Amino acid sequence: MYLVNARQMREMDRFAIEKIGIPSIVLMETAGQAVAQEVEQRYPQARLVVIAGHGNNGGDAFVLSRHLQNRGFAVNTWLVGSEEKMTADTAIAYRALVQSRVHVQKLTPKSWNLFCRELSGADVIIDGLVGTGIKGSLREEAARVVMEINKRKDRAAIVSVDIPSGINADNGVISSVAVSADLTVTFACPRWGHFLFPGAGHCGRLIVRDIGIPAWVGEELGIKARLLQDEFISTLIPKRARHSHKGSYGHVLVIAGSQSYVGAPALTALGAIRSGAGMVTLALPESIQSMVVGLTPEAVYWPWADKAGSFAPHSWEALRATNQPRYDCVVVGPGLGHEVDIDWLKQVIDRTSGPLLLDADALNLLGQDLTLTENRMPVILTPHPGEIARIMKMTVQEVEENRQQIAVKFARQHRVYLVLKGTYSIIATPQGTCFVSPRGSSSLAKGGSGDVLSGMIASFINQTGDVLAGLQCAVYVHGMAGELMDEYSGGASDLGLWIGQALQALAQKDRDNHTL
Ligand SMILES: NC(=O)C1=CN([C@@H]2O[C@H](COP(=O)(O)OP(=O)(O)OC[C@H]3O[C@@H](n4cnc5c(N)ncnc54)[C@H](O)[C@@H]3O)[C@@H](O)[C@H]2O)[C@H](O)CC1
Ligand SMILES: [K+]
């Protein structure tokens, strides 16, 4: 499913109207009906207050008001704005509502108290004040309305049409206030603002409804961002043949760990093992090996020269050994600590082959010299916002406010695959495409869950034989596992169990799709 900004949504609309011939009023009618259906299904017999602005978002609200009234709902509809400023379609939707003998009240200083009383009597408040057409921060009247809506949060369900009013659909920024919705019904495909914070935190449950724009329009318009979904991921998860052996599923080499971070290599190995890797070799500073073995008996151990509990400067020489097995994917970084230097990392990069994933402390070293991976392909970087901020010499806030742009630009510029972690992780490719995972949970907001992800990525790259497919599977399944695990008590080392549950759920989805 495509993920768009406001301009791209307008282009999709225009294409549907001009090239396909769907009249714009039909799009509005379908959009309004779609929200009406969701409301009817979820809130039968509710008393409704519908709030409409004079843009097309308000037009959708007028349409839904008419349909819900026809279906017997008690609806009070308010226009916030003026008839003169309505768009052509909104004016049509408004007239159809009025001519259906529905009284639409105008919000004025005089009617303010009545408006507030009606809000207080509502079971459901529908927010059609402003959608993707918002410019800057909400003007005073609209901001006051939003604050009144939000005051009823505990007593009424709040449903936003397209996007909660006040959120910038391009970047999720809320300049002043925004509606805090329980349910948001959007059309055709989701907008970035639904998945970027703080806006994303105001959407409640997000429903995407088809309004008749074919999916191929996104491709035609060259939209490069997509939202990952169960149906797609379930087709990517590699099937396992009964007649297979450990060599069928790839060999992951993890170069990680130090005395202060004994758990990191174990968790990385666990991520790989619990998601189906055939073989995992852990290269560790030799003094910590005996501690890690107890945590992951499934791994093969490769002790490297040690200096005070970290990799010694020349420990990479272990890679010179001629009798090494073939490693299909290499992970470097979890728990390295600060003792290893950039020359050590350079040697490791130069003396290994295949897909290379740099995480954690390896990313901090990469920040010192971004040319380190220039001659290596494919390279995968998995920074959290703090790590990419350090690499790019920005603040974490700047990263969080520009997640999409930063991920896409960095991946293109440095020809790497980048996973920008966080709630709704973004996968950006060297070709400039990007994918957002809607999966995840606060259970993952804990030390060690990134290490597990790195291992899962390597494991899925090996099993799918494709870097992008591997990244998509790993990020998505990791997020799902987090959702299944208890938010408080689940730790990174528990994820292994839930990875299995997530994979089973996806396999079931794939079976269902094939039997329908
Ligand atoms: N394909 C689709 O998704 C469809 C979406 N539809 C709906 O159309 C809106 C977008 O409509 P548009 O007219 O472009 O803009 P809005 O109604 O969102 O907003 C414009 C409206 O809001 C006022 N406004 C702008 N900025 C502010 C501000 N800072 N403070 C207060 N008011 C502001 C401005 O004056 C205009 O009046 C989309 O969200 C969907 O709901 C189509 O109906 C069907 C196809
Ligand atoms: K809205």
Side-chain angles (χ1 to χ4, degrees), residues 2-17 20 22-35 50-64 79-94 107 125-147 149-150 158-170 173-191 193-194 199 202-204 206-215 217-218 221 223:
Y2 288 100
L3 194 55
V4 295
N5 57 31
R7 178 184 53 76
Q8 290 167 328
M9 194 63 245
R10 276 195 297 276
E11 284 172 12
M12 282 181 94
D13 277 354
R14 203 173 316 127
F15 191 98
I17 296 163
I20 301 181
I22 307 170
S24 59
I25 192 70
V26 172
L27 292 177
M28 182 177 280
E29 184 72 18
T30 316
Q33 268 194 11
V35 185
V50 175
I51 301 166
H54 51 224
N56 288 338
N57 194 245
D60 299 349
F62 290 135
V63 170
L64 76 87
L79 166 63
V80 181
S82 69
E83 254 174 89
E84 295 73 49
K85 288 190 183 159
M86 282 180 189
T87 63
D89 289 336
T90 301
I92 294 173
Y94 175 71
L107 187 65
I125 300 170
I126 295 179
D127 152 39
L129 198 55
V130 45
T132 52
I134 190 171
K135 300 270 178 311
S137 50
L138 281 181
R139 288 193 287 274
E140 199 190 331
E141 185 188 39
R144 278 184 73 198
V145 169
V146 168
M147 286 188 283
I149 296 174
N150 287 349
I158 301 173
V159 178
S160 283
V161 178
D162 199 11
I163 190 163
S165 300
I167 298 174
N168 182 317
D170 294 344
V173 166
I174 298 172
S175 299
S176 54
V177 286
V179 167
S180 177
D182 298 292
L183 175 74
T184 297
V185 183
T186 191
F187 315 117
C189 53
R191 291 88 175 94
H194 294 131
H202 283 241
C203 295
L206 178 70
I207 304 279
V208 184
R209 290 285 306 237
D210 171 32
I211 54 167
I213 303 176
V217 174
L221 295 174
I223 293 166

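One-based numbering along the sequence shown. Atoms within each ligand, like the ligands themselves, are counted from 1 in listed order. Just so you know, these numbers come straight off a predicted model, no measurement behind them.
For the pair Leu107/Glu141, a side-chain contact is recorded, criterion being any heavy-atom separation below 4.5 Å from C-beta on. For the pair Leu64 and Ile126, the minimum side-chain heavy-atom distance is below 4.5 Å. Looking at heavy atoms from C-beta onward, Met12 lies in side-chain contact with Val4 at the 4.5 angstrom threshold. At least one side-chain heavy atom of Val130 sits less than 4.5 Å from a side-chain heavy atom of Leu138. A 4.5 Å side-chain heavy-atom check between Asn56 and Asp89 finds at least one atom pair inside the cut-off. Put simply, the side chain of Val35 does not reach to within 4.5 Å of the side chain of Asp60, judged on heavy atoms.
Taking each heavy atom of Ala31 and Phe187 in turn, the nearest pair found is O-CE2, 3.4 Å.
Remark: among candidates Asp60, Asp13, Asp89, the nearest residue to atom 7 (C) of ligand 1 is Asp60, based on non-hydrogen atoms.
Ion pairing between Asp170 and Arg7 fails under the 4.0 Å rule for side-chain N and carboxylate O.
Below 3.5 Å of separation, one finds an N or O of Gly133 facing an N or O of ligand 1.
For atom 11 (O) of ligand 1, the closest heavy atom belonging to the protein is Asn56 CB, 3.2 Å. Nearest protein heavy-atom neighbour of atom 17 (O) of ligand 1: Asn57 N, 3.0 Å. Closest to atom 10 (C) of ligand 1, if we only count protein heavy atoms, is Thr132 OG1, 3.4 Å. The shortest contact between atom 28 (C) of ligand 1 and any protein heavy atom is with Lys135 O, 3.7 Å. Distance from atom 24 (N) of ligand 1 to its nearest protein heavy atom, with residue and atom name: Arg139 NH2, 3.9 Å. Protein heavy atom at the shortest distance from atom 37 (O) of ligand 1 is His54 CD2, 2.6 Å. Regarding atom 3 (O) of ligand 1, its nearest protein heavy-atom neighbour is Arg191 NH2, 2.7 Å.
Not a single N/O/S atom of Ser160, whether from backbone or side chain, sits less than 3.4 Å from the K ion (ligand 2). For the K ion (ligand 2), the N/O/S atoms of Asp127 include one lying under 3.4 Å. Between the K ion (ligand 2) and Val130 there is an N/O/S contact shorter than 3.4 Å. At least one N, O or S atom of Ile163 sits under 3.4 Å from the K ion (ligand 2).
The residue Glu29 has no part lying near ligand 1, judged by heavy-atom distances below 4.0 Å. At a heavy-atom distance under 4.0 Å, only side-chain atoms of Asp162, from C-beta outward, approach ligand 1.
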### Task
Output, in order, the C-alpha distance, side-chain angles, deciding distance and verdict of side-chain contact (heavy atoms from CB on, under 4.5 Å) for Ile22 and Ile211.
CA-CA 10 Å; Ile22 307 170; Ile211 54 167; over 6 Å; no

### Task
Report the C-alpha separation of Thr87 and His54 in whole Å, then their side-chain angles, then the decisive distance to 0.1 Å, and conclude whether the side-chain contact (heavy atoms from CB on, under 4.5 Å) test is met.
CA-CA 7 Å; Thr87 63; His54 51 224; over 6 Å; no

### Task
Walk me through it: do Ile125 and Ile51 pass the test side-chain contact (heavy atoms from CB on, under 4.5 Å)?
CA-CA 8 Å; Ile125 300 170; Ile51 301 166; 3.9 Å; yes

### Leu221 and Gln8: CA distance, side-chain angles, deciding distance, side-chain contact (heavy atoms from CB on, under 4.5 Å) verdict
CA-CA 8 Å; Leu221 295 174; Gln8 290 167 328; over 6 Å; no

### Message
Run the side-chain hydrogen bond (donor to acceptor under 3.5 Å, both in side chains) test on Asp162 and Thr186 for me, step by step, so that the C-alpha distance in whole Å, both residues' side-chain angles and the decisive distance to 0.1 Å come before the verdict.
### Response
CA-CA 4 Å; Asp162 199 11; Thr186 191; 2.6 Å; yes

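Heavy-atom proximity to Ile211, at under 4.0 Å, picks out these atoms of ligand 1: 1 (N), 2 (C), 45 (C). Each of the atoms 25 (C), 26 (N), 29 (N) of ligand 1 lies under 4.0 Å from some heavy atom of Ile134. Within ligand 1, the atoms closer than 4.0 Å to a non-hydrogen atom of Gly55 are 13 (O), 17 (O), 21 (C), 37 (O), numbered from 1 in the order shown. The contact set between ligand 1 and Gly131, taken as ligand atoms under 4.0 Å from a residue heavy atom, comprises 16 (P), 18 (O), 39 (O). Under a 4.0 Å criterion applied to the non-hydrogen atoms of Val130, ligand 1 contributes the atoms 18 (O), 19 (O), 22 (O). Under a 4.0 Å criterion applied to the non-hydrogen atoms of Ser137, ligand 1 contributes the atoms 28 (C), 29 (N).
Taking 4.0 Å as the cut-off, Met9 counts as a neighbour of ligand 1 on heavy-atom distance. The closest approach between a heavy atom of Glu140 and any atom of ligand 1 is not below 4.0 Å.
Here the angle at the K ion (ligand 2) defined by O in Val161 and OG in Ser165 stands at 180°, rounded to 10 degrees.
Counting only distance, with no hydrogens or angles, the side chain of Thr90 and the backbone of Met86 share no donor-acceptor pair below 3.5 Å.
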